[in-house]
Amino acid sequence: MMKQSERRDLFPGALEMMILRTLKRQPMHGYALTQHIKKSSSDLLEIEEGSLYRALQRMLKEGWVTAKWGVSDTNRRVRIYTLTPSGARRLESEVSSFERMLEGIRRVLAPVKS
C-alpha cells in the first residue's frame with residue numbers, strides 16, 4: 001500500500017487509456033480491470049473502484065465501450081465491458097498523444113550536453 005505522501009494522481013485521460021488498452025486484449029468486468037492494471041504495473045498503480053466505474057460510465061456514453069451482463073469466475077453477476085471500434089480509434093489517438101508528451105518530457109529532463 002502506498003503512503004499518502006507517495007500517492008500520485010494520474011494525468012487526465014490516463015485511466016481511460018489504460019482501460020481501453022486492457023479491453024483491447026479481451027472483454028473484462030470492472031474488478032478484473034483493476035486487478036489487471038495493478039498486476040501489470042507491478043502494484044505501482046491502484047485504481048479506486050469509484051474512479052474506475054465513473055470512467056467506464058463516461059466511456060459507455062462516448063461509445064468507446066459496450067457492456068453486457070455476464071457471470072464472473074466466482075459465479076457472480078457482473079457487467080462485462082468490451083472495446084468498440086470507436087474505442088480502438090480513441091485508444092490509438094490517446095497513445096499517440098501520450099507518446100509525444102512523454103518524448104517532450106524526456107527531452108526536458110535529459111542531461112544538458114556541454
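- For the pair Glu16 and Arg58, the salt-bridge criterion is met [side-chain N within less than 4.0 Å of a carboxylate O].
- Of the possible polar contacts, one joining the Thr22 side chain to the Met18 backbone as a donor-acceptor pair under 3.5 Å is found.
- Within 6.0 Å of CD in Glu103 there are more than 12 heavy atoms belonging to other residues, nucleotides or ligands.
- A chain of hydrophobic side-chain contacts below 4.5 Å, direct or via other Ile, Leu, Val, Met, Phe, Trp or Tyr residues, connects Leu23 to Met17.
- Val108 shares a hydrophobic cluster with no other residue; no ILVMFWY side chain has heavy atoms under 4.5 Å from its own.
- To the nearest 0.5 Å, the span separating CD on Glu92 from CG on Leu20 amounts to 12.0 Å.
- Once rounded to the nearest 0.5 Å, the distance linking CZ of Arg21 with CD of Glu94 reads 14.5 Å.
- Atoms CZ and NE2, on Arg79 and His29 in that order, are 13.5 Å from each other to the nearest 0.5 Å.
- Under the 4.5 Å side-chain criterion, counting only non-hydrogen atoms from C-beta, Ser93 is not in contact with Arg89.
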Exercise answer: donor-acceptor pairs, residues 80-87 side-chain atoms, under 3.5 Å, sequence neighbours excluded:
{"unit_1": "Thr84", "atom_1": "OG1", "unit_2": "Gly63", "atom_2": "O", "d": "2.6"}
{"unit_1": "Thr84", "atom_1": "OG1", "unit_2": "Trp64", "atom_2": "O", "d": "3.0"}
{"unit_1": "Thr84", "atom_1": "OG1", "unit_2": "Ser86", "atom_2": "N", "d": "3.4"}
{"unit_1": "Thr84", "atom_1": "OG1", "unit_2": "Gly87", "atom_2": "N", "d": "3.0"}

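- Distance CZ/Arg106 to CE/Met101: 10.5 Å, rounded to 0.5 Å.
- Between Leu52 atom CG and Leu15 atom CG the span is 6.5 Å, to the nearest 0.5 Å.
- Taken from CG in Leu56 to CG in Leu33, the straight-line distance is 6.0 Å, to the nearest 0.5 Å.
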* Take Arg76 and Val71, measure what side chain to side chain contact (heavy atoms under 4.5 Å, CB included) needs, and give me the verdict at the end. => CA-CA 5 Å; Arg76 289 188 168 182; Val71 178; over 6 Å; no
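- Cluster membership check: Leu60 does not share its hydrophobic cluster with Trp69, using side-chain heavy-atom separations under 4.5 Å among Ile, Leu, Val, Met, Phe, Trp and Tyr.
- Between Ser72 and Val78 the shortest heavy-atom distance is N-CG2, 3.8 Å.
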Distance-only donor-acceptor pairs under 3.5 Å for side chains of residues 34-42, two or more places apart:
{"unit_1": "Thr34", "atom_1": "OG1", "unit_2": "Tyr31", "atom_2": "O", "d": "2.7"}
{"unit_1": "His36", "atom_1": "NE2", "unit_2": "Arg25", "atom_2": "NH1", "d": "3.4"}
{"unit_1": "His36", "atom_1": "NE2", "unit_2": "Ser40", "atom_2": "OG", "d": "3.2"}
{"unit_1": "Ser40", "atom_1": "OG", "unit_2": "His36", "atom_2": "O", "d": "2.8"}
{"unit_1": "Ser41", "atom_1": "OG", "unit_2": "Ile37", "atom_2": "O", "d": "3.1"}
{"unit_1": "Ser41", "atom_1": "OG", "unit_2": "Lys38", "atom_2": "O", "d": "3.1"}
{"unit_1": "Ser41", "atom_1": "OG", "unit_2": "Leu44", "atom_2": "N", "d": "3.3"}
{"unit_1": "Ser41", "atom_1": "OG", "unit_2": "Leu45", "atom_2": "N", "d": "2.9"}

